[in-house]
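Sequence lines set the chain letters: A, B, ... in the order given, protein chains first and strands last, and positions in each chain run from 1.
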Amino acid sequence: MNVRGPLLDVGEVRQVSTRYGERDLAELTLRPDGGAGDPVTVTLWGKWTHTAEHAEEGMELLVTDAERDDYGDREGYTTSQESYVVLEPDFLVDVTDIRSWVQCPRMYYLNKLSGIPLNYPVVKGTVVHEVFGDLLRGVDLEDSIDDRVAEAGLELGLLGMERDEVADEVRRNAAAIEGWLSQGRLSAADGADGADGADAAATTGDSTLGDWGDADGDGDDWDGGPDETEWRSEYTLISPTFGVKGRADALRRGQPVELKTGKNLKREPRFQDKVQAACYALLLRERGVEVDTGTLLYTKNTALDRGEESGDLSPAKEFSVGKGFLDFVVRQRNEIAATEFDMTVPTGYEADAKCEYCFEQDTCMVVSGRLDQESKAGQIGQPLPEEERTYFEETYRALEEERRETHAEYRKLWEQTAAERAADDRALIDLTPLSREPIGDGRWRLTARKDSDAVSKLREGDVALASDGDPASGHAELGRIEKLGDEVVVETDEPVELRRLDVYPSELSVSRMHTAVHDFVLKGDPDRKDVLFGRREPAFGARDADAEPFIDNNEAQNEAVTGAVTAEDFALVHGPPGTGKTYTIARIVRALVDRGNRVLLSAFTNRAVDNALEALREQGFDDALRVGTETGVRGDMQDIRLVTRGEPNDRAATLNSAPVVAATTSTCGSRTMREQEFDVALVDEASQLTEPGTLAAVNLADRFVLVGDHQQLPPVVRAENRLRESLFQRLIEDHPDAGVMLDRQYRMSQRIQAFSSREFYDGKLRPATPEVAGQTLADLGVDTADLPPELGDGVSFVDPDGAREGNANPVEADRVAAVVDAYVAAGVDPDDIGVIAPFRAQVAEIGRRTDVTVDTVDRFQGSSEEVIVVSFVATGDLDSPVFEDTRRVNVALTRAKKALCLVGDAEALASEPFYARMLEWARR
DNA sequence: TCTCTGCTCAGAGGA
């Protein structure tokens, strides 16, 4: 049986005499059943005492296949021969992280901090892996090489590589794979192996591993192509038991095969390579596959690459995977989990790291020197000022907390039932598979029918986990959602029976924030750090008093452009709702380009980036390059989107020569963008970005301009920590003089804007013109006499007397729909009406009753409608975190231009002073 | 049970 729970006590490791001789043990006390049971003692024997040494009170411990061990009068358990001991199983460790930890724990840490930079061996390695996958999927070798090298065009170009030389090198690597694959096929033709393969799969009890035969046999166009009943490429594995996730390069008859594009002339595979393959073996065994062998394929071990060397030239090296090795792998994984639990920094002494030949030695010494960390390699240079080290450590911790919240999302993949997942909007279940068809490039198009009208957070273009119904232990692959209607279409690398589609959590943004903080603190300009750490005030250059204004009909906007242009460090533009933020941004970009600057235009969302670009193009500027994924970039900006595929030199030149590059901040943290340099970075929606998120863009430029409104929605983060405050807000509070507030709004009537202006902008926000101030529904041709009396005013309040049920309020939803109908009946175009609710459940509730746009506050930020109806849902009191942050209300109320109707329970709203004032204003 | 966008995902290597 499995024993699992939080540790209450961790005993010392001691040696005892048993009938088998002297043996080590450690006794740990935990509270089983998720902390609910009575404390029990668990005895860890032998090498598992290694994990006991890393265990601490408060950590979660799992012992699989534990045996009952009632020693004396004490109830307890002990490890058995079959047991695994897992520390913090909820902490998901990547297989590649275990690999690098085994190489050196510092390398693991450094990789996490700084990411893997753009370098040729890595890019080439990726291409060779993709070609390998293609060969297994039966793609023609030359077609695959052409295709995959073209795909890496931009990265290769930035590295100064020519297409032909890369293709030649990939071809040499592929020769080793090809030769080995055809050997495998020869033996299969002998008879025994093919049958064995089918048997092995059939006896595993895992039908998903055995049913690859229905992939239609188009492997024939590659001469010597693989036997498809024997091979499967790229297999995604997540283990709830061991807290490990990863993706195996390939499985051959259920056994893991790892491809390495280097050379290894020793008889044995490299140790860390074996560890990696053993991790996959561990995960496959959990699924009941009998794995006893791992294979490593070294592509440079061919006669062509031999040169003067001698040694073992066979590309494939097999090794046996026994329980002892798997135990070792789990113990290493536990070390990582324990390190991350208390967030200690690895020194290199934890494992037997050898520094003398290490490629990272210099980096390692510099990082330990600057951050004053203990390191086996030693330290170089002076430590950074203390406040910078503190900042680094605090941010590091905050990001790791965020990572844990992401892990909690993974956990839901297997802890929640399918129905719970669906109710949580995180999955589409009960899909009926319709077809699986190859679409070239080794990709598959999966289609399924969706019978229910279920909604979820999944949207077209998202990456999601497609599975046969069981994402954790069945067959699951990541794919991109192409269509999401009555028919669901997903594109994947592998044919999956599409029965379920899950939101797949990603650690990508946490990783990118880590590298942004690293780049800022360790590689950033000291002069900039002086300002951002408050050691100096931001500086502005001289103004040309005789110059023509940039914008002549709006003083604040003109001042914002002037500030941005003269800033020597940074400038801040505070843009409340409707104040022409986007227009001002475009004007700033043009002014900067006119002065010879290369500009990075960035924002949190793709939508904001495209909006800014649109404004820029409307002002006649067309020389911008949009960097982003095809699905992320809006249709009308595809013509200026950087296509990464193609001729390397040409692709690199396109990026390097663009005077304005536009991308989301997340993209700014990507490997390619991190190599780019700009004079100025302009970041929109800066108040919705975490500080590290903003740094990702700001790091790439000498100066920066942040545009945002800290009175609207703050960053969305899962953990409760310092990431919740944006850099924009910190700077505008510390340096009010570096900011300009755009104070004239072009959106709302006087009546609508009054409350927001008073509550959030010190009464400084005012209508830009008398026309804006005085606009009413009559301007839309509506005769207000046709409206019910309670909707007659520009701002109105309706109490429907409903009751909150969970996060919805059906009676209120009815009333909201009736209000919408009344506006329509009076002549308002339904397209001019928007409905806003704080909860997704209520959004769905209202959506069933009306055809106008209904969405959450968060999703409505950035847009506006002539008429807005807000549903507050709450009754009795306002006891929900959603009402705590009044900035959310500010966003909701300021979406309306001519009419605003608040629908809610007067008693609940009156219970909080802020909402009471709102009520008073609405009922005036 | 509060709100939720990014990003291909994860992994790709050197001696």
### Full working for ring-ring contact (aromatic ring centres under 6.0 Å, His included) between A:Tyr235 and A:Tyr280
CA-CA 9 Å; A:Tyr235 205 91; A:Tyr280 298 124; 10.0 Å; no
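- Note on A:Tyr235: every side-chain N or O is 4.0 Å or more away from OP1 and OP2 of B:dG11.
- One finds a side-chain N or O of A:Lys260 lying less than 4.0 angstrom from the OP1 or OP2 phosphate oxygen of B:dG13.
- Distances shown here put every side-chain N or O of A:Thr856 at or beyond 4.0 Å from the OP1 or OP2 atom of B:dT3.
- For A:Arg840 and B:dC4, the shortest distance from a side-chain N or O to OP1 or OP2 is below 4.0 Å.
- B:dT3 sits 23 Å from B:dC7 when the P atoms are compared, rounded to a whole Å.
- Residue A:Ile116 is in base contact, counting any heavy-atom pair closer than 4.0 Å across all strands shown.
- At a threshold of 4.0 Å, the pair A:Arg270-A:Glu258 does not count as salt-bridged, since none of the basic side-chain nitrogens sits closer than that to a carboxylate oxygen.
- Residue A:Lys245 places no side-chain N or O under 4.0 Å from the OP1 or OP2 atom of B:dC9.
- A:Phe839 comes within contact range of the sugar-phosphate backbone alone, with a heavy-atom separation under 4.0 Å but no base atom that close.
- Nucleic acid contact for A:Phe872: none, since no nucleic acid atom lies under 4.0 Å from a heavy atom of the residue.
- Counting non-hydrogen atoms under 4.0 angstrom, A:Asp885 reaches nothing in the nucleic acid.
- For the pair A:His129 and B:dA12, the criterion of a side-chain N or O lying under 4.0 Å from OP1 or OP2 is met.
- Atom CG of A:Asp879 has 12 or fewer heavy atoms from other residues, nucleotides or ligands within 6.0 Å.
- At a threshold of 4.0 angstrom between heavy atoms, the contacts of A:Gly479 include nucleobase atoms, whether or not backbone atoms are also involved.
- Taking 4.0 angstrom as the limit, A:Arg859 places a side-chain polar atom (N or O) nearer than this to OP1 or OP2 of B:dT5.
- Across all strands shown, A:Thr667 has heavy atoms under 4.0 Å from sugar-phosphate atoms exclusively, and none from any base.
- Regarding contacts with the backbone of B:dG11, a side-chain N or O of A:Thr96 is found under 4.0 angstrom from either OP1 or OP2.
- Within 4.0 Å of A:Tyr504, counting heavy atoms only, lie sugar-phosphate atoms of the nucleic acid but no base atom.
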